[in-house]
Every structure is written in structure tokens, then in C-alpha cells.
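Just so you know, these numbers use all the heavy atoms, side chains as well, and skip hydrogens, waters and symmetry mates. Every chain is numbered from 1, with letters handed out A, B, ... down the list of sequences.
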Number of protein chains: 2
Amino acid sequence: MTDLKDATLHKRIRSDISERILSGAWPPGHRIPYEHELMAEYGCSRMTVNKALAPLAESGLIIRRRKAGSFVSRPRIHSVVLDIPDIPAEVTARGEPYGYELQSRKVRLAGRREIEELGLDLPVEVLALRCLHRASGRPFALEERLINLAAVPEAADVDFMRVAPGSWLLSHVPWTEAEHRISAANVPRATSILLGIEAQAACLVLERQTWRGDDRITHVRLTFPGEAYDLVARFAPQPAANPAARR
Amino acid sequence: MTDLKDATLHKRIRSDISERILSGAWPPGHRIPYEHELMAEYGCSRMTVNKALAPLAESGLIIRRRKAGSFVSRPRIHSVVLDIPDIPAEVTARGEPYGYELQSRKVRLAGRREIEELGLDLPVEVLALRCLHRASGRPFALEERLINLAAVPEAADVDFMRVAPGSWLLSHVPWTEAEHRISAANVPRATSILLGIEAQAACLVLERQTWRGDDRITHVRLTFPGEAYDLVARFAPQPAANPAARR
DNA sequence: TGAAAAGTTTTGTATAGACATAAGAGGGCC
DNA sequence: GGCCCTCTTATGTCTATACAAAACTTTTCA
């Protein structure tokens, strides 16, 4: 019951409770002790109990209702923390030498399809980049990226032969929102040739759209050969670190 | 600066600060005001300021050091909350009629490959299920599931003709950990026939392994026709609700 | 000069009390 | 029975205070 790992009292109360919930000892719907009962049990003040319970309510593990009490929440949380890869870091983390190659770079007005991908209304100057990431010399991912030069004019002067656009953007442009779309696709022949795979082989496609406030910063499509790549998300419900890993 | 949406003071302080960080006004490394400065600015007690800042530190957006102060943390968080679908809910949420069909059900000793998928050491009795989920009559997902009967003996008596195994497990068996693997694959011919797609069409494959403590509960592989299905994760860094959606 | 000691500042945790708010429980009235 | 009002109870938020721990700064003393 008393967990010696957690030094402070409110953390110990919190982990005692979440442990009982997650072990199934307290099933969904079960009423957990009132604050004053926990005060008595742990011999502490109500603020301390409240500090233990409030984050459990915020994370959705319990539901609190005035007068009624606190209850283990019914619908089990069903979301997962997915670690989205920064490709150079990802490849080197696997212990493979990382290679990067800028294949094309153009500044131009966004085409119709690109306007849609960037979600813009009117034509705008974009920087269009296509890069190939390699692991141990083999193609690892094809990156097709549009950068909105109206929002990030500095990008026009960066030497993307040397630095990958994802890394540069991540460290130079703050963002407030991102949307990821993960899908499977049969890619066009040109793409399959670049990736060195068969024409009909399935690929994992990760698209990311990034905003800063209302400005669209960038849209990127990463195409991974399906055979060689998985995304792995591990959910350990405690709001601790997220130990995501990849094959 | 002052956000009228957030009724309570500590939430307003919290969102004011995270807003300035996420907009880039306070870049990584920037020292945010001391607690006593925020007390003066908002005219409140230190406990209230602390209640605003503590979750920001816990979520990793800021780093707090005694004597030195609190700072915007350097490495930008790069993970994403992905909403993993409960298929019946998912289909009906799209406004399509949901159909479910149990295709096969067997209790048997786990085969070699299945032992590996369940991560077991020795042979064990499993319940093997194959179900097809339909949306508007069309195949939506193929579910291939193994349930470890040593861990969940009750599953042997459930009528999985009527209730989908995912829904039953979710509401009857608590779990403590889950690992998800997302990949793209060209599926075997038998699967493509079941899903009513071309033999070489790419599919999105979602595998989930669930634990309760050290016991493996279930392993499931969901295969979605790639053309018809995306996973979408929207990252809005506020630790509020996760507004995930799907195409 | 240089290392140890003392002081200062900031965060971390906890207490006790106060008032507000929501909502279930029960009683009385039509 | 059904409806409204009041009473009660549990949570929600906040204050003021206290002491502890960490870490940077200054002073002291060998």
C-alpha cells in the first residue's frame, strides 16, 4: 500500500490510488474514498489529498462529482502517446549511419494541390523540397516538404544541402499546433524507384501540418518503405515519461 | 493575455504562461517570472501560482530549479496523442451503419507464431477469434485476436457472435499497459479477398498487445484497407482534451 | 589565496481555515 | 404520486503561513 519510492505524501497517495485502479482492485464505477476519509487514512490535510486527486481527475482516470464523491471513470482511456521521429535522430538511435540527400529545391508559387495541402486560400510563395534520408546507405524515407515563405521568410536563405529541413525548422520556428495523419498507400512508380522498392509495395505515409497561431508553417509528407518501418507507441497510464520505442 | 475562457485563477495563469511559451514569445531557455512576481502580477497567493506552475513542470513544458527560477525547457516536445479507435464507436461516429460478423472462433493451444505474438514462454490455451467489421455493409476492418485464457478464463464463455471482443475486453478486463504498432503492409491474398480489395493494395495494420501487470491479456491485429482509412492525431499542446479526429 | 561556513533566494511540500458551488436526500405541500 | 424547498455533504478554489531543501553568493578564517 505504502510505496516507499515516492518521497512526498501527495505523490504516494496518488500512486496508491492509481495502482489500485490499474490493477483492477477498484473497477470502473467504484467509489474511491472521500477526501476526509483519505485525510484520516494518511493523517494529512485536505489540501494534500486534493493535490493527489486533482491530477487524476485531470488525466481522466477518475471522475469527481460534488456531493456524490470520486469514482473510477468508466470508459477506459483509449489514447496513446506516439513519439514522432526526428529522422536523423531516429536512424542514429538504431546504430545505423545516417545519410541525407537534397534532391530538389524550388521557390515557386504554390500549385493548386499544394495550396490545398497547406490549407491556404490564395496563391503564395512556397519553398518546395524533396529529400531522401538513408540508413546504412539504403533509402529510409522520402521527405516532400512545402514551407510557407510568407510565414518563414528566413527559410529561403538556409542551405538545405547540409541541414535537413525538419531539424532546421524544429529548432528555429516555434509552433503551436501540429496535425499528423498516418496512412498506408501504394506509392507512385517514381517514388518506389527512389525508395528502391517494388512498384506495388505498401508504404507507411506520415503527413504533418504545422501551425504557428493561424499561420501555416509547413506541410511534410514522409514516405517509409512499409517493410522496414513501424511506428510504436507504448501506453503506460502513469503520467510519467513516455517510453516509446521503435523496431 | 487574460483569458476569459478559463474561469479559475490558477488555470488562467497556467494558460497565460503556456500561451506565451507556445507562441514563441518566451523561447526555450527564457526565465519565466518568479512565483512572487506572479503573485504580485495576479494579486494572489503563492499556492495559487504554484498550482498553476506545477503541472507545467510535470508535463515538461518548463523546468524549475530552486534558487535559479523556472525556465522554458529546451527540447521541444515531439510526441503526439493518438486516439486509437474503438471500431463500433468509430463507425457510428461517421454516421455509417455498423456491422459485425464473427468469422471464426477456436480454443486451442497457441501455435509457435502466436506464442511469439503473445510473448509467452510456454504453450498456453488461447481463444483465437477472427471478426470482420463493416461500415455501410462494406468491409471496414479485419480483426484477428488472441485472448490468453490463462489470464482471462471468463472469455471462454462469452458469446462473441453478439458482442465484439474489443468492446467486451475493454469493459471487463482492466489493463495496465498497452503497446501499439502501426505499419503498412501488403496483406495475404485471403485477407484482401475478405476486405474486398485488390491483392496488392496497401493496408494499414494496427497491432495492439495488452498487459495486466505481468500477464499478457490479448493480442489483436486490425487490418484496414489503406485507401479508406487514416489515423489522425492533432497535437494541441495544452494538456486539455485531445481533439483527435479521423477522415 | 583558497576552502569552508554562513547567508540569501527560490522552489517544494504541507497545514488549517474559509467560502463557494454542485447535487443528492428528505420533508412538506398540493 | 409528483413537485418544490431546504438541509446536508463533498468537492473546488483560494488565502496565509510555515518549514525544508537546494543552490547560488558572500563572508570568514586558516
**Complete:** R65(B) meets the salt bridge (Lys or Arg N to Asp or Glu O under 4.0 Å) criterion, sequence neighbours left out, with none
**Asked** In whole Å, what is the span from the CZ atom of R31(B) to the C1' atom of dT10(C)?
**Response** 10 Å
**Message:** Please report the interatomic distance CG(L127(B)) to CG(D157(B)), rounded to the nearest 0.5 Å.
**Reply:** 10.0 Å
**Item:** Residue met sooner reading DNA chain C from 5', once G43(A) and P33(B) are mapped to nucleotides
**Value:** P33(B)
**Prompt:** To the nearest Å, how far apart are N50(B) CG and dA20(D) P?
**Reply:** 18 Å
**Fill in**
With E207(A) as partner, the option from R221(A), R181(A), H180(A) fulfilling side chain to side chain donor-acceptor pair (under 3.5 Å) is R221(A)
**Message:** How many whole angstroms separate atom CZ of F71(B) from atom P of dA22(D)?
**Reply:** 18 Å
**Item:** From T218(A) atom OG1 to I147(A) atom CD1, the distance as rounded to the nearest 0.5 Å
**Value:** 5.0 Å
**Contact under 4.0 Å: R65(A) side-chain N or O vs dA10(D) OP1/OP2** = no
**Prompt:** Who pairs with Y100(B) by side-chain hydrogen bond (donor to acceptor under 3.5 Å, both in side chains), at least two apart in sequence or on another chain?
**Reply:** none
Distances under 3.5 Å between protein N/O atoms and the N/O atoms of nucleotides 3-9 of chain C, please, pair by pair.
{"residue": "dT9(C)", "atom": "O4'", "partner": "K67(B)", "partner atom": "NZ", "Å": "3.3"}

**Message:** Between C1' on dG12(C) and CG on L56(B), what's the gap in Å once rounded to a whole number?
**Reply:** 16 Å
**Complete:** Atom CD1 of I63(B) and atom P of dA23(D) are separated, to the nearest Å, by 13 Å
**Prompt:** On DNA chain C, nearest-nucleotide positions of G69(B) versus V49(A): which is more 5'?
**Reply:** G69(B)
**Asked** Backbone N or O of I217(B) within a donor-acceptor pair of the D215(B) side chain at under 3.5 Å?
**Response** no
**Request:** To the nearest Å, give me how far apart NZ (K51(B)) and P (dG12(D)) are.
**Result:** 8 Å
**Asked** Are OP1 or OP2 of dT13(D) and a side-chain N or O of T48(B) less than 4.0 angstrom apart?
**Response** no
**Prompt:** Just to confirm, is there a sub-4.0 Å distance from OP1 or OP2 of dT11(D) to any side-chain nitrogen or oxygen of S70(A)?
**Reply:** yes
**All salt bridge (Lys or Arg N to Asp or Glu O under 4.0 Å) counterparts of E101(B), not counting sequence neighbours** = R134(B)
**Asked** Which nucleotide in the list dC14(D), dA14(C), dT11(C) gets nearest to the side chain of R64(B)?
**Response** dT11(C)
**Request:** Would you please name every residue forming a salt bridge (Lys or Arg N to Asp or Glu O under 4.0 Å) with E35(A), sequence neighbours left out?
**Result:** R46(A), R64(A)
**Request:** Could you tell me whether the side chain of S73(A) and the main chain of L61(A) form a donor-acceptor pair under 3.5 Å?
**Result:** yes
**Prompt:** Quick one: I32(B) CD1 to dT11(C) P, roughly how many Å, whole number?
**Reply:** 8 Å
Taking only N/O atoms, report every protein-nucleotides 16-18 of chain C pair under 3.5 Å with atom names and distance.
{"residue": "dA18(C)", "atom": "N6", "partner": "R46(A)", "partner atom": "NH2", "Å": "3.4"}

**Request:** Specify the separation, in whole Å, of atom OH of Y42(B) and atom P of dT13(D).
**Result:** 17 Å
